[in-house]
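Remarks on the structure that follows.
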Amino acid sequence: MRTAATLIAILLGMTCAMNPSFAEVKDQLVVLNWPSYLDPELIERFEIEHGVTLRVVLYEGDDQRDEMLVASEGAGYDVVLVSGNMLPVYLRRGWLEILTEAQVPNLRHVAGRWRTAFEAADGFAAPYTWGTLGIGYREDLIPEPIESWMQLFRPVPELQNRIAMLRHNRDLVGMALKALGHSANSMDPAELDSALALLLEQRPHVRTYGYIALTSESAMVRGEIAAAMMFNGDALMLQEHEPRIRFVVPSEGGNLWVDYFVVMSRSPRKELAFAFIDFMNQPDNAAQAAQYVHFATTNDAAKNLLPEEFLSNSVVYPTQEVIDRSEFSTPLPPKIIGRYNSIAASVLY
Amino acid sequence: MKLPTKILLLITPLVVLPIIFIGIAAIHLIEDAARTRADDSTAALVQQLEQALRDAVNSAKANLELFAQSDLLHRYILTEDEAVRYSLLQPPLLRQFASYRNAYPEYYDVRLLTVNGEEDTRSTLRPSSGTIERVLADSFIKELAKMDALTHHRIVYDPEFDRLVLLAARKLLLRDPLMDPTILAPLVERGYLIVSIDLQPLLHEISSSLPEPVELFLFDSEGRPLPIAGFAGRETVLPMHENVKVLTSEPHGGPALVKDGEGSAVVRSLQPYDSWFFLASYSMSNVQAATRLLGVQVALVTLLVGALAVALLYSVLRFILVRPLKQLALAARAIGDGNLDHSIDVSSKDEVGLLASTFREMSQKLQESSRQISFLAYHDALTGLPNRVMFREFLVHSLAHAKRNSERLAVLFLDIDNFKKVNDAVGHPAGDELLKRWALQIVQCLREEDFVSRANVARLGGDEFLILLNEIQTPYDAGKVATRISMPFMEPVRLVGQEFHVTSSIGISTFPEDGEDADILLRNADAAMYHAKRLGKNGFQFFSQGLNDAIVERVDLEAKLRPALERGEFMLYYQPQVSLETGEILGLEALLRWNQPELGMISPDRFVPLAEENGLIVPIGLWVLDTVCAQIADWQRRGLGPVPVSFNVSATQINGSGLPEALESALEKYRLSPSLLELELTETTFMHAQEQAIALLAKVKSLGVAIALDDFGTGYSSLSHLRRFAIDRLKIDRSFVADITTDPDDAAIVAGVVALAHSLGLEVIAEGVETVAQKEFLLQHGCVSAQGYLMFHPEPGPVVERLLRSAAPVRR
C-alpha cells in the first residue's frame with residue numbers, strides 16, 4: 001500500500017516536473033512587431049522589472065501582420081505594433097483593447113497630435129514612432145544617387161534585380177502612384193491602372209517583395225540589394241553596418257506613417273501589456289528606444305532627452321519640405337482598397 | 001509460235017490474276033484496316049478528350065469545394081464591415097487565391113463574386129478576356145444562380161487568347177455564425193467562387209501524344225478552325241460546310257470520311273457545347289500513300305512475275321511441247337514424204353514422249369507396210385517373183401547400163417500354152433501350183449546358165465513371165481536360154497492325178513537389135529511371143545526375123561552337131577604342105593569336115609565355133625587326134641610315110657582338156673613317133689592362154705610334138721609369146737600372102753615374118769599360096785614351105801594317099 005502510494009507520488013511528481021505549466025512559469029508577454037524595432041536592452045529591463053518574459057513575434061510587413069492577426073482573429077498576441085492607418089480597421093474588427101492614459105499613464109508624454117493622427121488612435125493605441133517611407137540605397141553600387149521613385153521603378157541596369165520592394169499593398173501602389181506624380185491615395189481608376197502598369201513594368205527587376213533584414217547580414221549590407229523601398233530609420237540602422245547606405249525620400253514624395261502599440265482585446269494579460277506600453281513610454285525608455293531604432297519618437301518628453309545630432313538628422317526628422325510632399329495613407333473606400341489589393345496582388349502573385 | 005502463245009494466253013492470266021487479286025485484296029485489307037484504325041483512333045481520341053474534360057471538370061469542382069471550405073474565405077464573406085473586409089481580410093484572401101493558382105497553374109483566375117454576380121476578389125494571372133467576362137456576366141452566373149446544384153461549369157472558347165477555358169463555379173453557402181451553436185443557421189448564398197481553367201495544357205498533352213495520322217482540331221460551329229495557343233496543329237482546310245451540319249448535329253458526330261487538302265481523313269466530332277466542337281481526325285493520306293505504293297508494288301511485282309512466268313513458261317513449253325511437237329510434225333511430214341528413216345529425237349517420259357514413241361512405232365509399221373507394199377508393188381504375190389512394174393524398172397535400169405557399156409541384153413516373154421484349159425481342168429489351186437513350179441524351174445534354169453551373168457524373172461500375171469537377160473554375148477544366147485527354159489517341161493506335168501503336157505511360147509526381143517526403149521522391147525517381146533504361138537506354140541521366136549532365121553539355123557545346126565560325132569558325120573581332109581623349091585610334100589594339115597546328111601558339107605568355120613562354145617570341140621578334138629594318128633599309122637603300115645600331120649587345136653582344148661595325156665595315149669596307142677604330130681594353134685588361142693595352158697604346151701613339147709602358130713599376124717600375139725610358148729613353126733596367114741605382090745606393106749610383113757622366123761630359128765610356112773608370083777616372092781624371101789590351092793587342095797584321105805604314093809615323103 002505504501003509502496004503504491006509512493007510510486008504514485010513519484011509518478012505524479014515526474015509528470016509535474018515534465019509539465020512545464022506546473023513549474024514556476026513566468027508570465028510571457030507576446031509582442032507582435034517588426035524585427036529590430038525594439039531595443040533588446042529595454043526588453044530585458046522590462047523583463048527583469050516585471051519578472052516576466054517578453055516574446056517578440058516578428059512580422060515582415062504590415063500585410064503580414066494583418067494576415068497573422070486575421071489568422072488568429074487577434075488571439076495569441078498581447079501587444080501589437082501596428083501602423084496607424086490600420087487602427088480603424090483593427091478597431092472595427094474588435095481587436096483593440098481600450099488604451100488611454102488610464103491604462104497607460106505615460107501616454108501623457110505623447111503629443112496630442114500623434115494620439116489623434118489616425119482614427120481610432122485616440123483611446124485605443126499608444127504612438128511609438130513616426131517616419132517616412134522612401135528609398136534606401138547603396139550609393140556605391142549605383143551610378144547616380146537616387147532622387148526619384150522612377151529610379152526604383154525603372155531601374156538602371158546596375159539596379160536591376162537588386163531591388164527590394166515592400167510587400168505592402170498601400171505602399172506599393174501608393175508609391176507607384178507617387179512615382180507617376182499622383183497621390184498615394186488616388187482613387188482614380190486610370191491612375192491606378194497606370195500604377196499597376198508601372199509596378200508590372202518594374203516587377204522583372206525586383207529581387208524580392210519583402211523587407212530586408214536590418215542586421216549585419218542584411219542583403220543590402222552584402223550588396224545583393226542595392227536599393228529598397230525602406231523606412232527612414234531602417235536605413236540609418238543599416239548605415240551602422242554599411243556606411244555607404246543612403247536614404248532618400250524621393251522627389252515625388254514618400255509615405256508618412258505613425259506606428260502605434262495596441263493591446264489586443266483577446267490578450268489574457270492586458271495589465272502586463274499596458275505595463276509594457278507604459279514602460280516604453282517612459283521618456284528615457286522612449287528616447288533609448290528611438291535611438292535604437294533611429295526613428296523619431298512620438299514621446300515629447302523623450303524628445304527632449306534625445307541628442308542634438310539625432311534630432312538634427314534629416315533622415316530621422318525630415319524637413320518640412322519633405323513632409324509636405326509626402327502623404328499619410330488615408331482611409332479609402334472599401335472598393336478602392338479592393339482595387340489597391342487587386343493591383344498589389346497582380347504584382348505580387 | 002501458236003501453241004505456246006495459246007497456252008501462255010491461258011496460263012499467264014492464271015498466274016497474273018491471282019497476284020492482282022491478292023494485291024487488290026491486300027490493298028482493300030490495308031484500307032479497311034486503316035479505316036478501322038481510323039475509326040478506333042478517332043473514337044479513342046474523342047473518348048480521351050471527353051474523359052479529360054470530365055476529369056478537369058470534376059477536379060475543378062473538387063478543388064472548388066476545397067477552396068470553398070477556406071476559413072479565411074468564410075470569415076471574409078461573413079465580415080460585413082467592408083472596410084475591415086477589404087483592408088484586413090482581402091489581402092490574405094488574395095494571397096490564398098494566389099496560392100491556389102500556384103498549386104494549379106492552369107487555374108489562371110480565381111475569383112469571388114458577390115451574390116449579385118459582381119466581382120469582389122480576384123486573383124488572376126493575366127488580363128481578362130472580354131469574351132470570358134461576357135460569358136460570366138451574361139449567362140454563366142445566372143445559370144448557376146438558377147440551378148439547384150452547387151456547382152456549374154462551362155467550357156468557353158476565348159478567341160482573345162486562343163484558348164479553351166473551363167469555367168467552374170461554386171455557390172458559397174454559409175451560415176451566419178451565431179452565438180448559440182444549438183441553433184443551426186440557414187445556409188445563405190453568399191456569393192460564388194469561380195475558377196477559370198486554361199485547358200491548353202490538357203489539350204496539349206492529349207494532342208502531343210497523338211500518333212502520326214491522328215490530329216485534333218477545334219472548330220467553331222461554322223466549321224472555321226479555332227486556333228489554340230501553343231497547340232501544334234497543321235493548317236487544315238476542311239471544306240466542311242455541308243458536313244458540319246452532319247457532324248455537329250449531335251454531341252458525338254461521325255465517323256465520317258471527308259476530303260481535305262491533302263487527301264481524305266476519317267473524322268469524329270465532339271461537341272460538348274454548342275458554339276464549338278472538337279474534331280478528331282485520322283488522316284488517311286498516309287494510308288492512301290501506302291496503298292498507292294502497295295498498288296504500285298503489286299503492279300510491279302505482277303509485271304515482274306508475269307514477265308518471268310511468261311518467259312519461263314514460254315521456254316518450258318517450247319522445250320517440253322513445242323520442240324517435240326515440231327519434231328513430230330517434221331517426222332510426220334517426213335513419213336508422209338516417204339522418208340521412214342527420219343529419227344524422232346523425243347524421248348521424254350510423258351505424254352509427249354508417248355506420242356513420240358507411238359510415232360516411231362507408226363513409222364516402223366509404215367516402214368514395214370511400205371516395205372510390204374513395196375514388195376507387193378514390185379512382186380507377184382503367188383510366186384514371189386518380181387512383178388511387171390519392178391521388171392520394167394529393172395529393164396530400164398539395165399538398158400541404161402547396157403547402153404553405157406555397149407552390152408547386149410534380151411527380154412524374153414514367156415507364155416504358158418493352153419494354161420486356161422489346164423486351170424479349168426484342175427482348178428485354180430492346182431493351176432497356181434503349176435505356175436509356182438514354172439517360176440521355180442525358170443529361176444533354176446537361169447541360175448544354171450553360166451554364160452548369162454545376170455538374169456531376172458518376173459511374173460506378169462496369169463500365165464505370163466518376163467525374163468531379162470543381161471550382158472548376153474549374142475542373141476543366140478537368148479535363144480539357148482529360151483530352149484533351156486522350155487526343156488524341163490518336155491516331160492509331162494502331173495497335176496491332181498492328171499498328166500499334162502505343158503509347153504510354152506517364148507518371145508525374145510534384144511537390145512540393141514529390137515529397140516533401145518524398155519517399152520518397145522517389151523512390146524516387141526510380146527509380139528514375138530504371139531508370133532511363136534501362131535507358129536505352133538512350144539517354141540521361141542525372135543522379134544527380128546533375120547535373127548530368127550539365123551538363130552533358128554544356128555540352133556538347128558547345133559542340134560545336129562551334137563549327135564554328129566556319134567553318127568560319124570565328121571571326116572578329115574588333108575592339105576599337103578609342100579616345099580616351094582622341090583615341090584615335095586613335106587607334111588599334111590588335117591582339116592575337119594562335117595558331112596551333115598541334111599545340110600551337106602559344112603565348113604569348120606561354121607561349126608567349130610559352135611563346137612567350141614558348147615564344149616563339143618573336146619570330143620571332136622579327141623576324135624581328130626585319134627583319126628589322124630590312125631591314119632598316119634595306117635599309111636605307115638602300108639608303106640606310105642611317115643608323114644607328119646598337123647591339126648588344129650582350139651583354145652578350149654588348150655585350156656584344160658587333158659590334151660597332153662590324150663596325145664600321149666594316142667601316140668602310144670598307134671605307136672607313133674611324136675614328131676609326126678604337130679599342133680596348130682591360132683594367135684587368138686595364145687592370147688587367151690593361161691598358165692595351165694602354158695604348162696600344157698610345155699608338156700606337149702616335152703612329148704616331142706611340134707607346135708605351130710597358125711594365122712600368124714592376124715591376132716594379138718607378141719614376140720614374147722613366141723618365146724614363151726616354144727613355137728616350132730610360124731604359119732603366115734593367107735590374108736598376108738594374098739597381097740604380097742600387090743601390097744608393099746603385106747609384102748614387107750611377109751618378108752619380115754620370114755626373116756623373123758629364120759632369125760629365131762623357127763620354121764615358116766605360108767598359107768593360101770595361090771599364084772606363081774606369090775610363090776616366087778616367097779622363094780625370094782626365103783620361105784620355102786607353103787600350102788595352098790596353087791599346089792594342092794584339101795582332099796580326103798584316100799585321095800591324099802594316092803598323092804603320097806606318087807610323091808616321096810620328105811623328112812622334115
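The chains referred to below are lettered A, B, ... by the order of the sequence lines, with proteins before strands, and numbering in each begins at 1.
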| message | Pair V70(A), R75(B) - check side chain to side chain contact (heavy atoms under 4.5 Å, CB included), show working. | response | CA-CA 9 Å; V70(A) 162; R75(B) 277 189 283 141; 3.4 Å; yes
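Applying the side-chain contact (heavy atoms from CB on, under 4.5 Å) test between P91(B) and each of N169(A), D66(A), D62(A) identifies N169(A) as the sole match.
The local environment of CD1 in I98(A) is sparse, with at most 12 non-hydrogen atoms from other residues, nucleotides or ligands closer than 6.0 Å. Heavy-atom neighbours of E80(B) CD from other residues, nucleotides or ligands within 6.0 Å: at or below the threshold of 12. Surrounding CZ of R55(A) are at most 12 heavy atoms belonging to other residues, nucleotides or ligands under 6.0 Å away. Heavy atoms from other residues, nucleotides or ligands lying under 6.0 Å from CE of M147(B) number more than 12. More than 12 heavy atoms of other residues, nucleotides or ligands sit less than 6.0 Å from atom CD of E143(B).
Contact annotation for R101(B): only side-chain heavy atoms (C-beta onward) come within less than 4.5 Å of a heavy atom of chain A. Only the side chain of L72(B) comes within less than 4.5 Å of a heavy atom of chain A; its backbone N, CA, C and O stay farther away. Using a 4.5 Å cut-off between heavy atoms, S99(B) does not touch chain A at all.
Here L89(B) contributes atom CG and E73(A) contributes atom CD; the two are 7.0 Å apart, rounded to the nearest 0.5 Å.
Counting heavy atoms from C-beta outward, V89(A) and Y86(B) have side chains that stay 4.5 Å or more apart. Contact of the R167(A) side chain with the R95(B) side chain is registered, since non-hydrogen atoms from C-beta on lie closer than 4.5 Å. Using a 4.5 Å heavy-atom threshold, the side chains of M86(A) and L88(B) count as touching.
Not a single salt bridge (Lys or Arg N to Asp or Glu O under 4.0 Å) links E119(A) to another residue, sequence neighbours left out.
Contacts between residues 329-349 of chain A and chain B, defined by a heavy-atom separation under 4.5 Å, are made by P334(A), K335(A), I337(A), G338(A), N341(A), S342(A), A345(A), Y349(A).
Between the side chains of R170(A) and S87(B), no donor N or O sits under 3.5 Å from an acceptor N or O.
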